[in-house]
Novice: 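Starting off with a structure, shown below.
Every chain is numbered from 1, with letters handed out A, B, ... down the list of sequences. The figures here come from the full heavy-atom set of this structure, side chains too, leaving out hydrogens, waters and symmetry mates.
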Amino acid sequence: ADPGITDSEILIGDVEPLTGPPALLGVAASIGHKIAIAEANAAGGINGRKIKYVLEDDGYVTARTIQGVKKVIDVDKVFAMLGISGSGQSIAVMPVLEKSGIPTVIDVAPVKFLWEPPRKNVFVVGQSYEEGIIHLVNFLADKNPGKKWGLITQDDDYGITVRDGFDSVVKAKKLNVVYSGNYKKGQQDFSSDMLQLKDSGAEVFLAGGIIAENIAMTKELEKLNIKPVTGIFWPGRIEPVLKLMGPAGDRIYAVDYVEPFAGTAGKAFLEKAKPLVSEAEFKGINRYTMTGYAAARVLIAAIERCGKQPTWACTISELEKTKNVETGVMAPISFGPGVRFSNQKLQIMQADAATLSFKPVE
Amino acid sequence: MTALLTVENLSKRFGGLQAVADVSLRVAPGEICSVIGPNGAGKTTLFNMISGVLRPSGGRISFDGIDLSTISPWKFAAVGIGRTFQNLALFKHGTVVENILTGRHTHLRSTVLDAVWFYGRTRKEEIAARQRVEHIIEFLEIEHIRDAVVGTLSYGQQKRVELARALACEPKLLLLDEMVSGMNQEETEDIARFVLDIRDELGITVVMIEHEMRIVMDISDRIHVLNFGRKIAEGTPGEIRRDPAVAEAYLGSQRADAMAKAGA
Amino acid sequence: MRTGDYKQSYGELVALIDSPPVWLWSAVLLLALIAAPHLLNSYALSFLMIILITVTGALGLNILTGYTGLISLGHVGFLVTGAYAYAVLVSKYHMPPSVGFLGAGVVPALASLIVGAPSLRLKGLYLAITTLAFSFIINTVILEMRWLTNGARGIQVQRPEIFGISFDGDAAFTYLCLGIAGLTLFATLNIRRSRIGRAFVAIRDNDTAARVMGINLHAYKLFAFITSAFITGIAGALYGIYLSFVSVEGFPFLLSIEALAILIVGGLGSALGAVLGTILIVLLPEATRIVFSLFSAQMDATFTTGAQELKSMLYGLVIILFLRFQPRGLVGAWHDIRRTWVHWPLRY
Amino acid sequence: MQYLIQLLISGLAIGAIYGLIAMGFAVIYKSTGLVNFAQGEMTMITAYIAWTISTTVSGNVFVVAVGAILAAVLLGLIIERLVMRPMLGEPVFATVMVTIGLAVILRSAINFIWDAYPHGLDIGMGRGIVHLGGIGVRAGQIAVIATLLLLLAAIWAFFRYSKVGVAMRAVAADDRTALLMGISATRVHALAWAASSVIAGIGGVFFALSYDLSPAMFQLGLKAFPATILGGLDAVLGSGVGGLLIGITENLAGGYIGSGMKEVAGFAMIIIVLMIRPFGIFGERDIERV
Amino acid sequence: MPTTIPHPTPQRAPVAVPQRQGLLEFRNIRIVYDNAIEAIRDVSIAVPEGRIVALLGSNGAGKSTLLKAMSGILYTEEGVIENGSIRFRNDEVHRLAPDELVRRGIVQVPEGRRVFAALTIDENLQMGGYTRTSAEARERRDKVFALFPRLYERRDQIAGYMSGGEQQMLAIGRALMTDPVLLALDEPSLGLAPLIIDRIYEVIARLRDELKMTVLLVEQNAQRALDIADYGYILETGRVVLDGTAARLTANEDVQEFYLGVSSTGRKSLRDVKHYKRRKRWLS
Ligand SMILES: Nc1ncnc2c1ncn2[C@@H]1O[C@H](COP(=O)(O)OP(=O)(O)OP(=O)(O)O)[C@@H](O)[C@H]1O
Ligand SMILES: Nc1ncnc2c1ncn2[C@@H]1O[C@H](COP(=O)(O)OP(=O)(O)OP(=O)(O)O)[C@@H](O)[C@H]1O
Ligand SMILES: [Mg+2]
Ligand SMILES: [Mg+2]
């Protein structure tokens, strides 16, 4: 039989950045996995087997991700994998995953490389960074026709993807870009960058930072006494950000494919989560918890459909057959033959400083 | 006879301080020659210039027919100048053997690629070097500390290692900066014997800085006296003993009298 | 009772391995290493690979910092340059991997000429800061030279095939790493016992005296940079292959510090120390993880979100305690053990 | 023109923070001969403690300031006593490595005790925007520049004139001989760690005031260390100035060349300066005599 | 010879520790470096109050090691006192911290001077007076300047750039700043010109005669040391091999030959020494 299955248990593995600054996403995603697993276990597990979750820390260091994935596959002998760290990390473990053939659902960092070309055993839940940006920029462009644009991105693969998405809309819509910056990962002071932005006269601004960077940028703009229409991307769309931005963060736009916590779906999710996790964990919930939850739900459902004796082959083919699975945190999820990417529907949200929340606008 | 070392009008300034001023001296091959003078007279600075540690501010040094200002400091060893240091300049994390072996540097030829492979040429060369080093070790009676890390040795032991290392360079001219300081009578006698031997047997010319008058007066052929950076006297030990300027500046008149009597 | 060995000839004095027991266990170790890829699972094997790759890099740094005393805070710069040189040559221009490895050595070596130039004037930490600067600047350069390096996108790298031998499988790749690490160790030890190595050490301990011994400081310092960068670059290529994906992010600044940590924990200035230090530093997280998993049930319950942090705190603590009790590193410990062994039961 | 002034002011403001932390490095180096690789982490911890005080005890400026300073002193003393003192007399490299281990612990402590989310430090002042001739500056930014200048003067006088200040230099130069003179190296070290912790901690609190707290804050150490080198490792005064210079250079490069060039410009400036002055702008050449 | 000078029993029989009165006493001391090198084996030495005691011996004999043990800094070099005790005014002091020893009045001028190179002369002296109040320190400093006018002339100069002789004066002056009861000097004549040595020995004698200071003097220059010392010990490879009043040691034939360079035929020129001496050992 395939590994990771005993009469009473079924093991699911995961490697996430649980320490250091990126713990923000790694811990949140793992909490999402835990919620889905706890939910399934509370309902009796998968055909009588309890799910056990094996989680490893990689500290956001690629070599350790590889190590961690090998560990959960070889030593813990898990049955399937979820999550898997950042984009650079999941790209690097792809050969390991492919070679082992273990059923995997990736949810943290959806980048094209992970599903193009499609790998037999690796599925990705979410939406690509490019598409996300394109959606956001299109929305902002339609809303602010003829305006001058500014953009700043991080100098890594994440930043490039953001930039690529942006550029494609710029070309299509012939946008007038007056400022285009590129900052070093880890930069903390954005005074000169924002001064340049101001100097350029930009009226619409795509802030391509992740979390702290976007806060620093908006506050700098506040100091410079300008308030362009601002858009941020989903990794930074977490509620504590709004508190720190203060009034400067009011009405900035964001794009995402998971439901905002302020909406009914979001509230329902929190309600569901509350009894399933500890208090500290509950505080760590953010949008990555939703992506993690959705992916785990899809995986668990597929294994469940394999009946009493699930195998890798069966799980993979059942994953492939995933069709319109409702998770409550994002649009229904589907895969298909040769389709390893769920291609989630996107929505635009806007920040409300008064309630410190994001609200859907479309 | 032509001089091995000729120093002409040599000067060195440190900021406002004239450490060596207009010093000239000649050292003939095979000579044992001393430089004496009060503390701070510029003796070590003079050595530093002759051995390439410092660049002179003015003047000329020629050695064995070569103008030393025309060659890079690290080539001084190759032309035949070796020295010891007053304040110990050993490679203190290395063993005694390693320190002395480093002295053989200019006599070894192996290149990086030879070294990476080691067997063959490098090995042969290393064995030969090691053999020489063992002789020097035996000669200086430091066998018992051969494998000790130099940093843990006592002051006097370290001085011997310095001497051994300088000898391993096989210089034509050996500069000894206060070799016997910190050594007792017996050890001083050994060093004196030793200096005479290397001159007689190996033909090495020796210039030494010493404050220990017994060794200076007993074994030097010529003595140069510095004071405040300038040369104030030069001559045979007998002449220096009787020189009033030296007595005044350096020896103290009482001692000078006693020495003059003893030597006469 | 053994009280020390006595040499019969000068040849023995310069031998690399000078006593039969050492021969014996070196051979045993080698055999074990050769057998390992067939006995270990791929997780354990990945540690072996990482150790071998890291040993190569650490030996590279050891030449510069351990032997020559030139502190480098930016060695990851050479690592990443080597990895990119390999990735660009092999993945982008489809050159044979052997050429790739050569490039991975030569390109960082050339870069080291620029980085090393200030070493002719700067000392200690002042020099260290220029190496730090280099590692940051090289990242910017790589990110900017998009036409060559794909910028931040990174380059995929396949496991190589050299002279018809495929190193695709984990076992095969481990042998490649073993071969390179072994060669590096051999070369470093040989350099160390030749006049070149002595010149390095002389510069570290007392550069004035070194110059008076006829050592060309400029040449040898640059030379230490070149050799060190060459070796580190090769390690970078191996690391890139191991990661299967070369990007600036895969080579964080942290690696520079970790490399220094390896040398210090191993015992600065010793090749054996570099090897032992690597093993300790690479395996330490795994060791703390194991210790941790013994208590994991309670821990996880008590610290639902902080358990992992506790683990890395433990890692820091172990390093501190280790140095507290063994400040001269593993090599120091090794010498103590050996001395006790040789002289036992006498104390002196 | 206004553009330039704006760049200079914000450059000075961030530079002053680098400068304060850089002084922290220099104080420890000057009295122990060590580079403290945990300086950035200590700075971060102090800032987090200040934040905790502001959210749990009181948001009053004075309460927070006094609390943060006491916390920093305590942190410095504890580290010196528990971690550094046992290493007295051990090789420098091993001791420096210990600070690296310490850095690992402190870094993890942030997520362990607090969390990975960013937090704003609110002490009722410092975050407000002041307009000076049409240029917006946060009050905290003006305050940090003033604080740096004040501390620079105080520390200069301390090392130049006070007996303890001279003793710190003596211990760094030759701790064994200092012992022979009856100078208790441990007490001097404890003082240095406490002082360094406070000075850098002040920098950290100001940073939190203007830029928020995050677990990535320790990276300030990586900015400040080059500043220390630029000013001269043994020059406390120089380190402060070095920080200002780096802040300004980065901002000018960011404002006129492009943001990606900020860091490179800072490093390029350091390398150029070092080529002209190999011991930093204010550093003293090693006294080497053979 | 004055009766205050004790006569230690021969070292070979350390059976009963005899009655000795010394300001400072080493009793059956054994010192080991690094857990491996036995530098001092069972040494007993007494330094009576108000006297100068000379400690002679060849390189590596362990003289400096004894002084380091006395001033409590042995631990900084991985050295350990394995046996025996050091007593000062009849208190055991070998476990005290260096600064406490200084406060009690024991101070050592280290081998090779070790001035604080980057500090000025004035600051160096200030460090010497670290354990004293500033008024006391000021007073002491004036005395030191009176003793070494040269230091006064150069008080604002950086110590590291001074010549060897000046540094030696500074090192002694700095030690005097602590207002010592017992001053230990490790090779004070090292590297000094004859005139300066004269001056320094004059100072040492004055310290004893005028200030009633007790001095432990480690020297290679046996002639000089025995000239002013009251009592002497000779150390070889970590053991005391000979001791006695200065006059008795000077008269000893072996001492004459190996330490003073005079043989039965009078002083010989070094040029005439025809072979290396195989160092004679009193103990093997
Ligand atoms: N690197 C330097 N920088 C500044 N001044 C120096 C330097 N080296 C030597 N001096 C000064 O130059 C003068 C001569 O010093 P030098 O060391 O040559 O004296 P010396 O004759 O060897 O004395 P001693 O017998 O005490 O060793 C001294 O006043 C010294 O302070
Ligand atoms: N730090 C150390 N570690 C190990 N061994 C040491 C250390 N210091 C001294 N020794 C050893 O102890 C012995 C005595 O050394 P010490 O310095 O006391 O000699 P000394 O009598 O002062 O000699 P010298 O006249 O040459 O100064 C020597 O053999 C030396 O090698
Ligand atoms: Mg001199
Ligand atoms: Mg000594």
Novice: How many angstroms lie between CD1 in C:I129 and CG in D:L274, if you round to the nearest 0.5 Å?
Specialist: 8.5 Å
Novice: D:V264, D:L233, D:V96: which one forms the most heavy-atom pairs within less than 4.5 Å of chain C?
Specialist: D:L233
Novice: Chain D heavy atoms under 4.5 Å from C:L268: which part of the residue, side chain, backbone, both or neither?
Specialist: side chain
Novice: Using only non-hydrogen atoms and a strict under-4.5 angstrom cutoff, which residues of residues 271-280 of chain C touch chain D?
Specialist: none
Novice: Could you check if a side-chain atom of C:T140 sits within less than 4.5 angstrom of a side-chain atom of D:F267, using non-hydrogen atoms only?
Specialist: no
Novice: Can you tell which part of C:L323 gets under 4.5 Å to a heavy atom of chain D, answering side chain, backbone, both or neither?
Specialist: both
Novice: Is the shortest heavy-atom distance from the side chain of C:K123 to the side chain of D:P278 under 4.5 Å?
Specialist: no
Novice: Is D:A103 close to chain C through its backbone or its side chain, or both, or neither, when contacts mean heavy atoms under 4.5 Å?
Specialist: neither
Novice: Heavy-atom distance under 4.5 Å to chain C: side chain of D:V35, backbone, both or neither?
Specialist: side chain
Novice: Select one option (side chain, backbone, both, neither) describing which atoms of D:I270 are under 4.5 Å from chain C's heavy atoms.
Specialist: side chain
Novice: Identify the heavy atoms of D:A94 and C:P327 that sit nearest to each other, and give their distance.
Specialist: CB-O, 3.4 Å
Novice: Carefully, step by step, assess D:F93 and C:V265 under the rule side chain to side chain contact (heavy atoms under 4.5 Å, CB included).
Specialist: CA-CA 9 Å; D:F93 273 104; C:V265 164; over 6 Å; no
Novice: Hey, could you give me the CD/CG distance between C:Q308 and D:N111, rounded to the nearest 0.5 Å?
Specialist: 11.5 Å
Novice: What is the minimum heavy-atom distance between C:R328 and D:P91, and which atoms define it?
Specialist: CG-CG, 4.4 Å
Novice: Show the nearest heavy-atom pair for residues C:R324 and D:M87, with the distance to one decimal.
Specialist: CA-SD, 3.6 Å
Novice: Calculate, to the nearest 0.5 Å, the distance between atoms CE and CG belonging to D:M275 and C:L122 respectively.
Specialist: 5.5 Å
Novice: Is there a donor-acceptor pair under 3.5 Å between the side chain of C:R121 and the backbone N or O of D:I276?
Specialist: yes
Novice: Below 4.5 Å, heavy-atom pairs only: which of C:G124, C:P118, C:G316, C:G329 has the largest tally toward chain D?
Specialist: C:G316
Novice: To the nearest 0.5 angstrom, please state how far the CZ atom of D:F25 sits from the CG atom of C:L125.
Specialist: 10.5 Å
Novice: For C:L254, is it the side chain, the backbone, both or neither that has a heavy atom under 4.5 Å from a heavy atom of chain D?
Specialist: side chain
Novice: In terms of heavy-atom proximity below 4.5 Å to chain D, should C:L263 be classed as side chain, backbone, both, or neither?
Specialist: neither
Novice: Considering all heavy atoms of both residues, which atom of D:P226 and which atom of C:L132 are nearest to each other, and what is their separation?
Specialist: CG-CD2, 4.2 Å
Novice: Is it the side chain or the backbone of D:I229 that comes within 4.5 Å of chain C heavy atoms, both, or neither?
Specialist: both
Novice: Is it the side chain or the backbone of C:F253 that comes within 4.5 Å of chain D heavy atoms, both, or neither?
Specialist: side chain
Novice: If we ignore hydrogens and angles and just use 3.5 Å, is the side chain of C:Y126 paired with the main-chain N or O of D:G232 as donor and acceptor?
Specialist: no
Novice: Can you confirm whether C:I319 sits close enough to D:M97 that some side-chain heavy atom of one is under 4.5 Å from a side-chain heavy atom of the other?
Specialist: yes
Novice: Examine whether an atom of D:L102 lies under 4.5 Å from a heavy atom of chain C, and if so say whether it belongs to the side chain, the backbone or both; otherwise answer neither.
Specialist: both
Novice: Counting only non-hydrogen atoms closer than 4.5 Å, does D:V98 touch chain C with its backbone (N, CA, C, O), its side chain (CB onward), both, or neither?
Specialist: both
Novice: Looking at every non-hydrogen atom in both residues, tell me the closest pair between D:I105 and C:L317 and how far apart they are.
Specialist: CD1-N, 3.5 Å
Novice: If we define contacts as heavy-atom pairs under 4.5 Å, which of D:T228, D:L222, D:T95, D:L106 has the most with chain C?
Specialist: D:L222
Novice: Side chain, backbone, both or neither: which part of C:L73 has a non-hydrogen atom closer than 4.5 Å to chain D?
Specialist: side chain
Novice: Of all of C:S312, C:A128, C:A117, which one pairs up most often with chain D through heavy atoms under 4.5 Å apart?
Specialist: C:S312
